[in-house]
Undergrad: 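Would you mind keeping the following structure in view while I ask a few things?
Positions are given from 1, in the same order as the sequence printed here. All heavy atoms count here, side chains included; hydrogens, waters and symmetry mates do not. Just follow the structure's listing: the first ligand is 1, and inside any ligand the first atom is 1.
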Amino acid sequence: MRIRCLALALCAAGCDGPQSALDPAGRGAEQIAEVFWWMVLASALIWMAFLAVSIYAIHSSHEPAKLKGTNLLILGGGVVFPTIVLSGLLTYGLATLPEHLAEAPPGALRIRVGGEQWWWRVQYRSGGDSAVPLANEIHIPVGEPVELLLESRDVIHSFWVPSIAGKVDMIPGRKTRLVLQPTRTGVFRGTCAEYCGASHAYMSFHVVVQERADFRKWLAHQAAPALPPATPLTAQGLALFISNGCGSCHSIRGTAADGVVGPDLTHVGSRLSIAAGLLPNEQDAFRRWIAHTDSLKPGALMPAFGMLPRDDLRSIAAYLESLK
Ligand code: CUA
């Protein structure tokens with residue numbers, strides 16, 4: 001009994017957290033959780049009815065039923081009943097679809113999100129402002145529908161933030177859409193839900209749901225160019241970043257680095273994690289990432305720079321971490 005209670009408690013504990021479809025923080029996830037619980041309830045009732053009939057059959061001392069009655073029971077329990085129950089559940093599930101597929105109203109915030117092997121290219125477009133290129137972290141205002149335009153340049157990825165909405169594939173050559181409608185503030189974890197190559201498991205991101213004013217402040221900061229280095233160590237880091245050619249793949253707006261192959265790093269130090277959710281945003285994690293990219297994320301396009309002197313790696317890491 002104690003083990004059963006423990007198992008139940010463990011199962012329940014697994015239902016909340018920043019990446020749970022059963023602890024909804026968005027309109028889409030709420031509907032999915034509702035469908036899930038109705039399905040669980042219906043299955044549990046059917047299972048109990050089945051158990052009751054089985055137990056009755058095993059322990060019954062009655063004569064075997066007449067053939068005609070038995071046939072009716074099989075027809076009713078094996079064809080009519082499942083058809084009615086499954087049709088009912090299907091109709092109920094499909095009835096929620098139009099809302100999932102609805103477009104965001106005109107004037108809603110629209111964000112382009114591109115799946116890459118293995119990170120997320122994010123681009124904010126709000127009104128007439130020029131686009132703000134970011135990576136691996138999405139901030140959205142609470143209580144407002146936000147439309148994501150999903151695309152991919154390489155293989156099929158799938159965008160999924162279980163706490164906020166369902167998942168939608170990102171297909172090369174096509175644009176798909178997903179409307180997020182967060183209902184509470186918080187930090188949620190998203191992930192790629194379609195196998196997309198060797199490091200598929202290392203392709204996650206954070207969605208930060210904020211009050212409108214905080215969100216505007218965040219976006220204005222992200223749109224601004226990087227602050228110049230404030231210490232000799234970070235100044236040396238920037239110089240090394242440029243001289244080692246990092247800027248041909250990465251942009252740091254406000255410096256000579258203007259590459260577009262890899263993630264924009266203008267405010268990389270302000271993000272909750274680095275390397276698409278793989279490592280914490282800490283100076284030493286930057287150093288490890290730059291030196292051991294190949295072993296931390298097998299198959300990644302970025303070459304490992306483990307051949308650089310340790311002090312150089314430390315300067316570059318200090319500079320990147322300072323890019324708040
Ligand atoms: Cu991208 Cu899996």
Undergrad: Which N, O or S atom name in His157 marks its closest approach to atom 1 (Cu) of ligand 1?
TA: ND1
Undergrad: Any N/O/S atom, backbone or side chain, of Cys196 lying under 2.8 Å from atom 2 (Cu) of ligand 1?
TA: yes
Undergrad: If I compare all heavy atoms of Pro298 with all of Ser295, which pair ends up nearest, and what's the gap?
TA: CD-O, 3.9 Å
Undergrad: Kindly give the heavy-atom pair with the smallest separation between Trp289 and Ile274, and that separation in Å.
TA: CB-CD1, 4.3 Å
Undergrad: Tell me if the CZ atom of Phe50 is crowded by more than 12 foreign heavy atoms within 6.0 Å.
TA: no
Undergrad: Can you check the angle at atom 2 (Cu) of ligand 1 formed by SG of Cys192 and O of Glu194? Round it to the nearest 10°.
TA: 90°
Undergrad: Looking only at heavy atoms, what is the nearest atom pair of Met302 and Thr293, with distance?
TA: O-CG2, 3.5 Å
Undergrad: Have a look at His200 and say which of its N, O or S atoms is nearest atom 2 (Cu) of ligand 1.
TA: ND1
Undergrad: For a 4.5 angstrom cut-off between non-hydrogen side-chain atoms, does Glu116 reach Met203?
TA: no
Undergrad: Has Met203 got an N/O/S atom less than 2.8 Å from atom 1 (Cu) of ligand 1?
TA: yes
